[in-house]
Trainee: 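Could you have a look at this structure, given as structure tokens, before my questions?
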Amino acid sequence: MIDTASKPGKNALVWLIVSVVVIVLDQLSKAWVLASLPEYTPVPVIDGFWNWYRSYNTGAAFSFLSDAGGWQKYFFMVLAVAISGLLARWLARTERGDWKSALPFALVIGGAIGNVIDRMLHGHVVDFIQWYVGDYHWPSFNIADSAIVAGAIGIAIYGLFPSRADAKRRAGEGKA
């Protein structure tokens, strides 16, 4: 990443549009779920693989800390806002055309804020996508969760396996 924050219009903050799209799709899908799906009742989409399954998560990934007594709601809200702020700062320092960095940052921001909205409105996150094979059910998730996972994978892949051009550019930055 190159610090382009001093060059107005050249940074990757425009990628926050992707974050807004994720938030809108996430919230629209959850509104549909709350209005249309019964609680804790599988509605088959693809038999043997995929259900709509309305459930709630007061914790984080895989219901981590879901039984912690309530304080975790605020902890996860503060954590999501802090991470989103950090990623937005990184977007401001990223070149607009560097989609390998900008897109994953924007996806994580959109997903994190989508789930923060749920915690603020409902006190928990609304999940509704359930994948399964036989008796094994993957924990239910939502569009925000999918964006966070896709963004985290992108950040990891780009960070672990940069292109040769990026590696040369970063090596050159270290010499300055």
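For this chain, numbers begin at 1 and follow the sequence in order. Hydrogens, waters and symmetry mates are skipped; everything else that's a heavy atom, side chains included, is used.
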Trainee: I need the full list of salt bridge (Lys or Arg N to Asp or Glu O under 4.0 Å) pairs touching residues 14-27, with sequence neighbours left out, sorted by first then second residue.
Mentor: Asp26-Lys30
Trainee: What heavy-atom pair brings Ala106 and Val18 nearest, and what distance separates the two atoms?
Mentor: CB-CB, 3.9 Å
Trainee: Report yes if the side chains of Asp98 and Ser101 come closer than 4.5 Å at any heavy-atom pair, otherwise no.
Mentor: yes
Trainee: Show which residues join Val24 in its hydrophobic cluster (side-chain heavy-atom contacts under 4.5 Å, direct or indirect), or state none.
Mentor: Val20, Leu28
Trainee: I need the minimum non-hydrogen distance between Ala152 and Val108, along with the two atoms involved.
Mentor: N-CG2, 3.7 Å
Trainee: Checking Leu86 now: which residues fulfil side-chain contact (heavy atoms from CB on, under 4.5 Å) with it, not counting sequence neighbours?
Mentor: Trp90
Trainee: Between Tyr132 and Trp50, is the ring centroid distance below 6.0 Å?
Mentor: no
Trainee: Would you indicate whether the side-chain heavy atoms of Ser55 and Phe128 approach each other to under 4.5 Å?
Mentor: no
Trainee: Any chain of hydrophobic side-chain contacts (each under 4.5 Å) joining Leu16 to Val14?
Mentor: yes
Trainee: If only atom types and distance count, is the side chain of Arg96 paired as donor or acceptor with the main-chain N or O of Asn11 below 3.5 Å?
Mentor: yes
Trainee: Which pairs, with at least one residue in residues 122-138 and sequence neighbours excluded, count as a salt bridge (Lys or Arg N to Asp or Glu O under 4.0 Å)?
Mentor: none
Trainee: Can you list everything that forms a side-chain contact (heavy atoms from CB on, under 4.5 Å) with Ile148? Sequence neighbours excluded, please.
Mentor: Asn115
Trainee: Using 0.5 Å steps for rounding, measure from the CZ atom of Arg93 to the CG atom of Leu91.
Mentor: 12.0 Å
Trainee: Using salt bridge (Lys or Arg N to Asp or Glu O under 4.0 Å) as the criterion, list what pairs up with Asp145, not counting sequence neighbours.
Mentor: none
Trainee: Under a 3.5 Å distance rule, please check whether Thr94 uses its side chain to pair with a backbone N or O of Ala12 as donor and acceptor.
Mentor: no
Trainee: Output side-chain donor-acceptor pairs under 3.5 Å for residues 37-46, partner residues at least two apart or in another chain, one line each.
Mentor:
from: Glu39; atom 1: OE2; to: Tyr56; atom 2: OH; distance (Å): 2.6
from: Thr41; atom 1: OG1; to: Glu39; atom 2: O; distance (Å): 3.0

Trainee: Going from OG on Ser146 to CD1 on Ile129, what distance comes out if it is rounded to the nearest 0.5 angstrom?
Mentor: 5.0 Å
Trainee: Sequence neighbours excluded, which residues qualify as side-chain contact (heavy atoms from CB on, under 4.5 Å) partners of Ile113?
Mentor: Ile23, Ser84, Ile109, Ile117
Trainee: Strictly distance-based, threshold 3.5 Å: is any side-chain N or O of Gln130 a donor or acceptor partner for the main-chain N or O of His137?
Mentor: no
Trainee: Measure the shortest side-chain to side-chain distance between Asn57 and His124 over non-hydrogen atoms and say whether it is less than 4.5 angstrom.
Mentor: no
Trainee: For residues 10-35, which residue pairs qualify under ring-ring contact (aromatic ring centres under 6.0 Å, His included), counting only residues two or more places apart or in two chains?
Mentor: Trp32-Trp52
Trainee: Check Ser29 against Ile143 and note the closest heavy-atom contact, atom names and distance.
Mentor: OG-CD1, 3.5 Å
Trainee: Quick one, Leu34 and His122 - any side-chain contact, counting heavy atoms below 4.5 Å?
Mentor: yes
Trainee: Any non-hydrogen side-chain atom of Gln27 less than 4.5 Å from a side-chain atom of Leu121?
Mentor: yes
